[in-house]
K.L.:
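The structure that follows is given in the form of structure tokens.
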Amino acid sequence: MAAALLSALLSLTAAQMPASLETPAFAASDSVTFTQFDSSVNGGEPIRGVDISSIIAIENAGVVFCDDLGNEQDIFKTLAEHGVNYIRVRVWNDPYDSSGNSYGGGNNDVYTAGLIGARAAKYGMKLLVDIQYSDFWADPAKQTRPKYWAEHDLDTLGGEIYKWTTWVLTSVTEAGGDIGMVQVGNETNCHFCGEDDMYSICKLFASGNKAVRDFDSSILIAHHFADPSTGNYPWYAKVMDECGLDYDVFATSYYPYWHGTTDNLTSVLKNIGDTYGKYVMVAETAYPYTSDDGDTFGNVVSASSADCEFRYDISVEGQAQCLTDVFQAVADTGKWGLGAFYWEPAWLGVPGLSWEEQIQLWEQYGSGWATASAAGYDPDVTGTGGSSYDNQALFDFSGKPLASLDVFSRVYPQTERVFLRDGSEIAEGAYRIKNAETGLYLTVANADGRAGGNVIQYSADGAADYNTWFIKSADDGYYFLYYGADDSGLLLDLDSGKPDDRTNIGIYTRTDSDAQLFKFVAQDDGSYLIVTGSSKDRSAVGVSGSGDGANAHQLRVDGSRSQTWVLEPVEEYSISGDLNGDEVIDIFDLILMRQCLVSHEFPDAADANGDGSANVADLVTLQSFILGMKGMSLHEHGTPRNTIFPRI
């Protein structure tokens, strides 16, 4: 991304930034389908990518990311859960000064790229390695050679590019990255590695391309330019064709507030595909969801920015529609379109800090766009700076996903991927299960203990078979929920094992199917989300209303409190002094107490006064209670019997 635009913001403060644009919100179109996508590329799926090159640095600085429920979670897992299948990472040669101080911008050396690649691969995401052949930002404004290549002639430089490209790919692969594409150069608008003649540039491109082909011929090679509205793209493509460049993808940056319409984007890219037989894609795009500033550094664009054309509302909805339209524009190029990457959707600062505190983090961890040490290499750097793109992120300032992140899950074709949740270990035993929002209990309607009985929520003042569930471990972190106080009866069951939203829940004989498997996912308040095996953990047990008799359903996890439950262990009920266990204190218990005093054998219930021991004092307490003396009461233990019948 253009470093000059970033550095221009150094003088801005949060107080100078405008408020969010106040215009009516609208919903994004539902989906985008690449109807002519080449099935030989990326497993037949369009690229649904993001560039999160800064992620290691900002995590080290203290930024935390969450899942949709607000629980802390690895951002790579969150991205994969939302349909992202490709990660883009920039690589700089030596982003450090002679004393080893980082230039910042994410500290994007080869080692960092390896860390990011390995984390992406863990969740099944391929890697686009964006080799910039510079020690710091490379963009249309500048393409500064790495320090150690500064004096090379063109032939020597080509040799170094070959060796460097090979080393980057070897290192990232050995670190665990699954490289699917390599970008030879970044936003190389007739400028690359200090050269500004397109034919000389193509000679250098050829060295990088050959290194990729020699390393792994299945890896796609991309060349990347910025701003399709300039009218220069046909000439770039023509010169590369004249030079016989061996590459696969013509890629563009497209920032809609600067770079024209999506119709023009489609037209320009389709023309290149049709003319030269190259795949096309958007390598960078972004759009603001707010004009607010999250890290005190200021924003590169906001509602009052000059020379910007905002075709969408500055809101989450507008951001989602913009991203949807970008994917559609690439899809409309036909068989040439590969997809799009969103640029730095998670480049945030630590929330709630002052300008001075933020500067300390940017300088220490390299988590902002530049540190003071970069000034010796990049003359645009006048001081330490943060992120001017946090208002264009797909996460809010606290690290929680915005609804616009869901756009990736609506770009097709798409193979379903399963990401199971981490469940909690639950002690086997009998429990009442109380809804955290309504305070009502998971109950079998009308106490109908037959197969097919319906499950609802209902009030309770104690335990009974119809509102007691015996939780027993199954495989892989899942549990069976038996109806009643032991594991001998019917089980909580999804109707026909359907994974669909609002599937009814009842009880049924054991089938050993996913329909009877449930997992308990702990929440911060001590309650649990009870996710269903049939939905592969995407849905949870919830209720369709707030009162007695509301049906229990399988509902897609949405973060609402009505989908969380409190486990209350059911303990054997007893009353101090109830020696015969009939839950009534009478003369028969008094007789048994006298027999205990003679035999010196005392059950727990013989401790009528609750002092921890059984003796003649308990006989006196029991006798006084039976005679109805004032102030006399006995201690209750465990879960009392329920007296509220769940009639529907």
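For reference, positions follow the sequence shown, starting with 1.
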K.L.:
Hey, is the main chain of Val301 close enough, under 3.5 Å, to the side chain of Asn391 for a donor-acceptor pair?
P.N.:
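Side chain of Asn391 to backbone of Val301, a donor-acceptor pair under 3.5 Å: yes, one is there.
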K.L.:
State whether Asp537 and Lys519 are salt-bridged, where the test is any N-O pair (Lys NZ or Arg NE/NH1/NH2 against Asp/Glu carboxylate O) under 4.0 Å.
P.N.:
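Salt bridge: yes.
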K.L.:
Quick one: list whatever passes salt bridge (Lys or Arg N to Asp or Glu O under 4.0 Å) with Asp67, sequence neighbours left out.
P.N.:
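Partners of Asp67 by the salt bridge (Lys or Arg N to Asp or Glu O under 4.0 Å) criterion come out as none, since no residue qualifies.
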K.L.:
Which residue in the set Ile530, Ile505, Ile433 passes side chain to side chain contact (heavy atoms under 4.5 Å, CB included) when paired with Leu442?
P.N.:
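In the set Ile530, Ile505, Ile433, the residue that makes a side chain to side chain contact (heavy atoms under 4.5 Å, CB included) with Leu442 is Ile433.
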K.L.:
Quick check against the 3.5 Å criterion: does Arg410 have a side-chain atom that pairs as donor or acceptor with the backbone of Asp30?
P.N.:
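The answer is yes, because a donor-acceptor pair under 3.5 Å joins these two groups.
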K.L.:
Could you check whether Gln358 and Asp295, counting side-chain N and O atoms only, form a donor-acceptor pair closer than 3.5 Å?
P.N.:
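Looking only at side-chain atoms, Gln358 and Asp295 do not form any donor-acceptor pair under 3.5 Å.
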K.L.:
Any side-chain donor paired with an acceptor under 3.5 Å for Tyr478 and Asp514?
P.N.:
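Note: Tyr478 and Asp514 side chains miss the donor-acceptor criterion.
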K.L.:
Can you tell which of Trp347, Phe76, Phe395 makes a ring pair (Phe, Tyr, Trp, His ring centres under 6.0 Å) with Phe65?
P.N.:
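Exactly one candidate clears the test, Phe395.
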K.L.:
Say whether, by atom type as modelled, one donor and one acceptor occur between the side chain of Ser291 and the main chain of Ala303 under 3.5 angstrom.
P.N.:
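Yes, because the side chain of Ser291 sits within donor-acceptor range (under 3.5 Å) of the backbone of Ala303.
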K.L.:
Evaluate Asp396 against Tyr289 for side-chain hydrogen bond (donor to acceptor under 3.5 Å, both in side chains), listing each step before the verdict.
P.N.:
CA-CA 9 Å; Asp396 68 20; Tyr289 76 92; over 6 Å; no
K.L.:
Using side chain to side chain contact (heavy atoms under 4.5 Å, CB included) as the criterion, list what pairs up with Asn504, not counting sequence neighbours.
P.N.:
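With sequence neighbours excluded, Asn504 shows a side chain to side chain contact (heavy atoms under 4.5 Å, CB included) to Asn454, Asp495, Asn551, His553, given in chain and number order.
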K.L.:
In terms of ring plane angle, is the pair Phe310 and Tyr257 parallel, tilted or perpendicular, where the classes change at 30° and 60°?
P.N.:
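The arrangement is tilted - the two ring planes meet at 30° to 60°.
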K.L.:
Applying side chain to side chain contact (heavy atoms under 4.5 Å, CB included) to Leu128 and Ile87, what does each step give before you reach the verdict?
P.N.:
CA-CA 6 Å; Leu128 164 54; Ile87 298 295; over 6 Å; no
K.L.:
Using distance alone, with no hydrogens and no angle criterion, decide if Glu81 and Gln73 have a side-chain donor and acceptor under 3.5 Å apart.
P.N.:
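Yes, a side-chain donor-acceptor pair sits under 3.5 Å.
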K.L.:
Name all residues meeting the salt bridge (Lys or Arg N to Asp or Glu O under 4.0 Å) criterion together with Arg502; count only those two or more places apart in sequence or in a different chain, and write none if there are none.
P.N.:
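Per chain and number, Arg502 pairs via salt bridge (Lys or Arg N to Asp or Glu O under 4.0 Å) with no residue.
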K.L.:
What distance do Ser546 atom OG and Asn435 atom CG have between them, rounded to the nearest 0.5 Å?
P.N.:
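So the OG of Ser546 and the CG of Asn435 are separated by 10.0 Å.
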K.L.:
Is it the case that atom OH in Tyr508 sees more than 12 heavy atoms from other parts of the structure closer than 6.0 Å?
P.N.:
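Open: at most 12 neighbouring heavy atoms sit under 6.0 Å from OH of Tyr508.
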K.L.:
Identify the residue among Tyr287, Tyr254, Tyr389 that makes a ring pair (Phe, Tyr, Trp, His ring centres under 6.0 Å) with Trp343.
P.N.:
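That would be Tyr389; it is the only one of Tyr287, Tyr254, Tyr389 passing the ring pair (Phe, Tyr, Trp, His ring centres under 6.0 Å) with Trp343.
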K.L.:
Would you call the rings of Phe34 and Phe37 parallel, tilted or perpendicular, where under 30° means parallel and over 60° means perpendicular?
P.N.:
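Ring orientation of Phe34 relative to Phe37: perpendicular.
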K.L.:
Which residue is it: Asn446, Asn642, Thr443? I am looking for the one with a side chain to side chain donor-acceptor pair (under 3.5 Å) to Tyr466.
P.N.:
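Single pass found, and it is Asn642.
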K.L.:
Between Tyr342 and Gln319, do the side chains contain an N or O donor and an N or O acceptor separated by less than 3.5 Å?
P.N.:
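The answer is yes; a qualifying pair exists.
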K.L.:
Using side chain to side chain contact (heavy atoms under 4.5 Å, CB included) as the criterion, list what pairs up with Asp512, not counting sequence neighbours.
P.N.:
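Scan of Asp512 (side chain to side chain contact (heavy atoms under 4.5 Å, CB included), adjacent residues dropped) gives Phe480, Arg510.
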K.L.:
Among residues at least two apart in sequence or on other chains, which ones pass ring-ring contact (aromatic ring centres under 6.0 Å, His included) with Phe341?
P.N.:
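Only Tyr86 meet the ring-ring contact (aromatic ring centres under 6.0 Å, His included) criterion with Phe341.
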K.L.:
For Leu491 and Ile507, run side chain to side chain contact (heavy atoms under 4.5 Å, CB included): C-alpha distance rounded to whole Å, both residues' side-chain angles, the deciding distance at 0.1 Å, then the answer.
P.N.:
CA-CA 5 Å; Leu491 291 95; Ile507 55 173; over 6 Å; no
K.L.:
Quick one: do the Thr324 and Gln321 side chains pair a donor with an acceptor below 3.5 Å?
P.N.:
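There is no such pair (donor and acceptor under 3.5 Å, judged by atom type) between the side chains of Thr324 and Gln321.
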K.L.:
Output all residues satisfying side chain to side chain donor-acceptor pair (under 3.5 Å) with Glu568, sequence neighbours left out; order by chain, then residue number.
P.N.:
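Partners of Glu568 by the side chain to side chain donor-acceptor pair (under 3.5 Å) criterion, ordered by chain and then number, come out as Arg432, Lys434, Tyr441.
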K.L.:
Between Ser473 and Glu428, is there a side-chain donor-acceptor contact under 3.5 Å, judged purely by atom types and distance?
P.N.:
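There is no such pair between these side chains.
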K.L.:
With sequence neighbours excluded, tell me which residues meet salt bridge (Lys or Arg N to Asp or Glu O under 4.0 Å) with Asp68.
P.N.:
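Expected list: none.
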K.L.:
State the CG-CZ distance between Asp487 and Phe470, to the nearest 0.5 angstrom.
P.N.:
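Between Asp487 CG and Phe470 CZ, I get 5.0 Å after rounding to 0.5 Å.
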K.L.:
Scan residues 446-462 for pairs that pass salt bridge (Lys or Arg N to Asp or Glu O under 4.0 Å), counting only residues two or more places apart or in two chains.
P.N.:
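Qualifying pairs: Asp448-Arg450.
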K.L.:
Apply side chain to side chain contact (heavy atoms under 4.5 Å, CB included) to Phe518 and Val531, showing your working.
P.N.:
CA-CA 6 Å; Phe518 300 88; Val531 296; over 6 Å; no
K.L.:
First locate atom CG of Asp558, then atom CG of Leu69, and finally report the distance between them rounded to the nearest 0.5 Å.
P.N.:
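These two atoms lie 8.0 Å from each other.
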K.L.:
Which residues pass the side chain to side chain donor-acceptor pair (under 3.5 Å) test with Thr266, sequence neighbours left out?
P.N.:
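Not a single residue meets the side chain to side chain donor-acceptor pair (under 3.5 Å) criterion with Thr266.
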K.L.:
Only counting residues at least two apart or in another chain, list the ones meeting salt bridge (Lys or Arg N to Asp or Glu O under 4.0 Å) with Lys122.
P.N.:
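Lys122: no salt bridge (Lys or Arg N to Asp or Glu O under 4.0 Å) contacts found.
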K.L.:
Counting neighbours of CD on Glu357 that are heavy atoms of other residues, nucleotides or ligands and sit closer than 6.0 Å, is the number greater than 12?
P.N.:
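Check passes, neighbour count above 12.
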K.L.:
Cut-off 3.5 Å, side chains only: do Gln554 and Thr532 have a donor facing an acceptor?
P.N.:
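Thr532 and Gln554 do have a side-chain donor-acceptor pair below 3.5 Å.
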K.L.:
Between the side chain of Ser387 and the main-chain N/O of Gly368, is any donor-acceptor distance below 3.5 Å?
P.N.:
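It does not hold such a pair.
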K.L.:
Salt bridge or not between Glu344 and Arg88? Use side-chain N to carboxylate O under 4.0 Å.
P.N.:
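Salt bridge: no.
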K.L.:
Would you say the side-chain atoms of Ser302 pair up with the backbone N or O of Asn299, donor to acceptor, closer than 3.5 Å?
P.N.:
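Judged by distance alone, no pair lies under 3.5 Å.
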K.L.:
Closer than 4.0 angstrom, basic N to acidic O: yes or no for Glu59 and Arg119?
P.N.:
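Here Glu59 pairs with Arg119 in a salt bridge, since their nearest N and O are under 4.0 Å apart.
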K.L.:
Just by distance, do the side chain of Ser539 and the backbone of Ser535 share a donor-acceptor pair under 3.5 Å?
P.N.:
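Looks like no, no N/O pair under 3.5 Å.
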K.L.:
Measuring from Asn108:CG to Ile55:CD1, what's the distance to the nearest 0.5 Å?
P.N.:
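The distance works out to 11.0 Å.
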K.L.:
Keeping to residues at least two apart or across chains, list the side chain to side chain donor-acceptor pair (under 3.5 Å) pairs with something in residues 33-42.
P.N.:
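Sorted pair list: Asp38-Ser40, Asp38-Tyr279.
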K.L.:
Look at the side chain of Gln457 and the backbone N and O of Gly547, then say whether any donor-acceptor pair between them is shorter than 3.5 Å.
P.N.:
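A pair under 3.5 Å: yes.
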K.L.:
Without swapping roles, check the side chain of Asp313 against the backbone of Glu317 for a donor-acceptor pair under 3.5 Å.
P.N.:
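No: the side chain of Asp313 does not pair with the backbone of Glu317.
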K.L.:
Out of curiosity, Gln183 CD to Asp51 CG, how far, rounded to the nearest 0.5 Å?
P.N.:
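Answer for the CD-CG pair, Gln183 versus Asp51, is 8.5 Å.
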K.L.:
Between the side chains of Thr415 and Glu45, does any donor sit under 3.5 Å from an acceptor?
P.N.:
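On atom types as modelled, these side chains qualify, holding a pair under 3.5 Å.
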K.L.:
Quick one: side chain to side chain donor-acceptor pair (under 3.5 Å) partners of Lys400, sequence neighbours excluded?
P.N.:
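Testing Lys400 for side chain to side chain donor-acceptor pair (under 3.5 Å), a comparison that skips the adjacent residues, returns none.
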K.L.:
Can you tell me how far CG of Leu361 sits from CG of Asn60, rounded to the nearest 0.5 angstrom?
P.N.:
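Answer for the CG-CG pair, Asn60 versus Leu361, is 11.0 Å.
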K.L.:
Would you sort out whether Leu440 and Asp548 count as a side chain to side chain contact (heavy atoms under 4.5 Å, CB included), showing the intermediate values?
P.N.:
CA-CA 7 Å; Leu440 305 180; Asp548 279 338; 3.6 Å; yes
